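Since we're looking at a predicted model, the values are computed, not measured. Quick note: residue numbers are just sequence positions, from 1.
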Amino acid sequence: MNINQKAQELAKLIKTTDEFQTMNKYKREIEKNKNIKRQLDNYLSKKDKIYTRYKIDEANKRVSQLDKEYSKVFQNPLVENYFKSTQNFNLLMQSIYKSIEEELLR
């Protein structure tokens with residue numbers, strides 16, 4: 001079996017995790033709610049533009065202000081759950097990367 005097949009197997013395993021499935025569930029729910037999706041897409045677009053246009057210190061200040069402007073969106077339970085589940089999924093992925101790194105360094 002080659003490495004690409006192993007990578008595909010790993011991806012399939014990741015898709016079965018609670019972290020991935022929970023994140024995906026909330027993502028689908030957000031996609032069904034056009035208003036929340038639009039607001040979230042606008043926020044993410046603005047955030048990306050800030051980080052591409054400014055140096056990190058200035059970008060962080062501007063994103064902090066942006067976060068305040070969108071605080072009402074973040075208080076929506078659906079958005080809160082989505083961000084929390086995304087964070088949990090990212091922690092899972094960090095753990096996987098760390099395991100791979102440790103194995104490579106043996």
Side-chain angles (χ1 to χ4, degrees):
M1 191 175 281
N2 70 34
I3 194 156
N4 289 325
Q5 289 171 320
K6 291 288 187 183
Q8 289 173 351
E9 283 182 26
L10 177 59
K12 286 178 184 177
L13 287 171
I14 290 169
K15 285 181 176 183
T16 67
T17 64
D18 289 340
E19 292 85 352
F20 179 84
Q21 291 185 9
T22 300
M23 178 188 67
N24 214 30
K25 176 185 111 180
Y26 288 119
K27 180 182 177 190
R28 286 191 307 270
E29 287 181 24
I30 285 174
E31 288 172 352
K32 289 178 187 175
N33 187 320
K34 304 257 187 248
N35 185 40
I36 291 175
K37 176 149 177 39
R38 181 182 44 77
Q39 291 177 8
L40 197 53
D41 287 346
N42 286 338
Y43 167 79
L44 294 172
S45 175
K46 288 178 181 181
K47 183 178 173 184
D48 287 344
K49 286 178 185 175
I50 289 170
Y51 278 117
T52 58
R53 290 183 182 166
Y54 299 97
K55 292 183 180 180
I56 194 70
D57 289 340
E58 180 64 21
N60 287 337
K61 289 178 191 174
R62 289 177 180 260
V63 167
S64 179
Q65 180 60 37
L66 184 66
D67 289 348
K68 290 176 187 172
E69 293 172 22
Y70 280 82
S71 65
K72 207 168 199 173
V73 175
F74 299 142
Q75 291 172 1
N76 180 297
L78 184 57
V79 174
E80 279 184 311
N81 289 333
Y82 174 68
F83 278 131
K84 188 174 186 174
S85 65
T86 299
Q87 183 179 29
N88 289 338
F89 176 72
N90 289 339
L91 291 171
L92 169 72
M93 293 305 296
Q94 285 177 352
S95 174
I96 291 170
Y97 295 144
K98 184 177 179 183
S99 294
I100 292 170
E101 180 182 24
E102 287 171 356
E103 193 62 33
L104 289 171
L105 295 175
R106 280 186 189 209

Q. Residues in side chain to side chain donor-acceptor pair (under 3.5 Å) with Asn4, at least two apart?
A. none
**Q.** side-chain contact (heavy atoms from CB on, under 4.5 Å) partners for Ile56, two or more places apart
**A.** Tyr51, Asn60
Q: Inspect the surroundings of CG in Leu104 and state if more than 12 heavy atoms from other residues, nucleotides or ligands are less than 6.0 Å away.
A: yes
**Q.** Pairwise distance CD(Glu69) to CZ(Phe74) - rounded to 0.5 angstrom
**A.** 10.0 Å
Q | Ile50 and Leu66: CA distance, side-chain angles, deciding distance, side-chain contact (heavy atoms from CB on, under 4.5 Å) verdict | A | CA-CA 10 Å; Ile50 289 170; Leu66 184 66; 4.1 Å; yes
Q.
Which residues pass the ring-ring contact (aromatic ring centres under 6.0 Å, His included) test with Phe20, not counting sequence neighbours?
A. Phe89
Under 3.5 Å donor-acceptor pairs involving side-chain atoms of residues 90-103, not counting sequence neighbours:
from, atom 1, to, atom 2, distance (Å)
Asn90, ND2, Thr86, O, 3.4
Ser99, OG, Ser95, O, 3.1
Glu103, OE1, Arg106, NE, 3.3

Q.
To the closest 0.5 Å, what do you measure between CD (Gln8) and NZ (Lys12)?
A. 6.5 Å
Let me check something: any side-chain donor-acceptor pairs from residues 39-48 under 3.5 Å, sequence neighbours excluded? List them with distances.
from, atom 1, to, atom 2, distance (Å)
Gln39, NE2, Asn35, OD1, 3.3
Asp41, OD1, Lys37, NZ, 3.4
Asp41, OD2, Lys37, NZ, 2.9
Asn42, ND2, Arg38, O, 3.4
Tyr43, OH, Asp67, OD1, 2.5
Lys46, NZ, Tyr70, OH, 3.2

Q: Sequence neighbours left out, what passes side chain to side chain donor-acceptor pair (under 3.5 Å) with Glu58? Give chain and number order.
A: Arg62
Q | salt bridge (charged side-chain N to carboxylate O under 4.0 Å, His left out) contacts in which one or both residues fall within residues 16-31, not counting sequence neighbours | A | none
Could you list the donor-acceptor pairs under 3.5 angstrom formed by side chains in residues 75-85, with sequence neighbours left out?
from, atom 1, to, atom 2, distance (Å)
Asn76, OD1, Leu78, N, 2.8
Asn81, ND2, Pro77, O, 3.1
Ser85, OG, Asn81, O, 3.1
Ser85, OG, Tyr82, O, 2.9

**Q.** By side-chain contact (heavy atoms from CB on, under 4.5 Å) - contacts of Lys32 (at least two apart)
**A.** none
